[in-house]
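Please read these numbers as outputs of a predicted model, since none were measured by experiment.
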Amino acid sequence: AEDSGDKAFSSTREIVTEYVLFDGGPDPDVWRKNTHKLGLTGLLQHIDTVVLSHYHSDHSNGLRAAVPEICQTRKERGNETPLIVDLHHKPISTRGLKSRGKIYPMTPPNPSVAELESLGAKEQLHKKG
């Protein structure tokens, strides 16, 4: 059989859009107000994963509003799969400022794994590396 030199190429590509919330910010009320003010409430139903970069309250405290609101919106839209909260591999610890040999804890404390799960999330740890 002779090769005519004509070559055909076919490719199928599936495009998947994923919505991830990266950190929750410092304040639950600010998270809630900004989400509504910016018109982002319609996107909440699509968020499957929340990623917490590290345990500073200015990154984690807003999750106290974000997690229950996302979970509620997903549930109202028929999505019963758990919201994954991807946490840093280092354990949650209280952070603070050291001055004159005394440590003053940062407030508010980070939400605990138990608290996040009570708000409807399922915890998953970052893999180290």
Side-chain angles (χ1 to χ4, degrees):
E2 281 189 331
D3 183 357
S4 66
D6 293 336
K7 304 292 181 205
F9 176 75
S10 177
S11 175
T12 303
R13 197 163 132 193
E14 181 180 345
I15 298 174
V16 177
T17 301
E18 293 184 36
Y19 294 86
V20 175
L21 174 63
F22 190 82
D23 289 346
D27 186 303
D29 291 332
V30 170
W31 188 91
R32 197 177 293 108
K33 286 176 189 174
N34 284 343
T35 301
H36 291 273
K37 187 175 184 177
L38 295 170
L40 300 176
T41 55
L43 296 176
L44 299 181
Q45 66 180 318
H46 301 294
I47 296 173
D48 292 320
T49 306
V50 174
V51 176
L52 180 60
S53 61
H54 61 285
Y55 295 111
H56 285 179
S57 61
D58 61 328
H59 293 255
S60 65
N61 195 37
L63 296 180
R64 290 183 163 106
V67 168
E69 192 160 344
I70 293 167
C71 289
Q72 181 63 36
T73 303
R74 288 163 46 93
K75 192 173 190 176
E76 288 171 357
R77 304 297 194 288
N79 186 346
E80 297 290 333
T81 58
L83 175 67
I84 301 298
V85 177
D86 190 336
L87 300 172
H88 196 272
H89 65 274
K90 290 185 179 179
I92 294 175
S93 61
T94 301
R95 297 189 48 98
L97 300 171
K98 188 174 183 179
S99 176
R100 298 183 183 146
K102 187 173 181 182
I103 297 176
Y104 298 90
M106 289 178 73
T107 57
N110 290 299
S112 67
V113 171
E115 181 182 358
L116 292 171
E117 288 181 342
S118 76
L119 296 172
K122 181 179 178 188
E123 171 258 344
Q124 172 180 304
L125 293 179
H126 284 313
K127 294 192 187 244
K128 193 174 182 178

> So do L116 and E123 actually touch side chain to side chain, heavy atoms under 4.5 Å?
Replying inline: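 The answer is no; the side chains never approach within 4.5 Å.
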> Hey, does E115 have a side-chain heavy atom less than 4.5 Å from the side chain of L63?
Replying inline: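 The answer is no, as the side chains (C-beta and beyond) never meet within the 4.5 Å cut-off.
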>> Checking N110 against S60: is there a side-chain donor and acceptor pair closer than 3.5 Å?
In response: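 Yes, a side-chain donor-acceptor pair sits under 3.5 Å.
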Grab the two heavy atoms, one from [X] and one from [Y], that are nearest each other, plus how far apart they are.
{"X": "D29", "Y": "R32", "value": "OD1-NH1, 3.0 Å"}
{"X": "H59", "Y": "S53", "value": "ND1-OG, 3.5 Å"}
{"X": "T49", "Y": "L83", "value": "N-CD1, 3.9 Å"}
{"X": "L21", "Y": "I47", "value": "N-CG2, 4.1 Å"}
{"X": "V85", "Y": "A121", "value": "CG2-CB, 3.2 Å"}
{"X": "P68", "Y": "A65", "value": "CD-O, 3.4 Å"}

>> Quick check on side chain to side chain contact (heavy atoms under 4.5 Å, CB included): which of D23, L87, V20 does V51 satisfy it with?
In response: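 Exactly one pass, corresponding to V20.
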>> Quick check on E18: does its CD atom have over 12 non-hydrogen neighbours (other residues, nucleotides or ligands) under 6.0 Å away?
In response: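 Atom CD in E18 is not crowded, with 12 or fewer foreign heavy atoms closer than 6.0 Å.
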>> Please say yes or no: joined through hydrophobic side-chain contacts below 4.5 Å, possibly via intermediate residues, are V30 and L38 part of one cluster?
In response: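 In one cluster with V30: L38, no.
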>> Test of understanding: clusters of I, L, V, M, F, W, Y form through side-chain heavy atoms closer than 4.5 Å, transitively. Do I84 and Y19 belong to the same one?
In response: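 No, I84 and Y19 fall in different hydrophobic clusters.
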Enter the distance from [X]:[atom1] to [Y]:[atom2] here, rounded to the nearest 0.5 Å.
{"X": "H46", "Y": "L40", "atom1": "NE2", "atom2": "CG", "answer": "11.5 Å"}
{"X": "Q72", "Y": "R77", "atom1": "CD", "atom2": "CZ", "answer": "10.0 Å"}
{"X": "L44", "Y": "N79", "atom1": "CG", "atom2": "CG", "answer": "12.5 Å"}
{"X": "C71", "Y": "E80", "atom1": "SG", "atom2": "CD", "answer": "10.5 Å"}
{"X": "E117", "Y": "K122", "atom1": "CD", "atom2": "NZ", "answer": "9.0 Å"}
{"X": "L43", "Y": "T73", "atom1": "CG", "atom2": "OG1", "answer": "10.5 Å"}

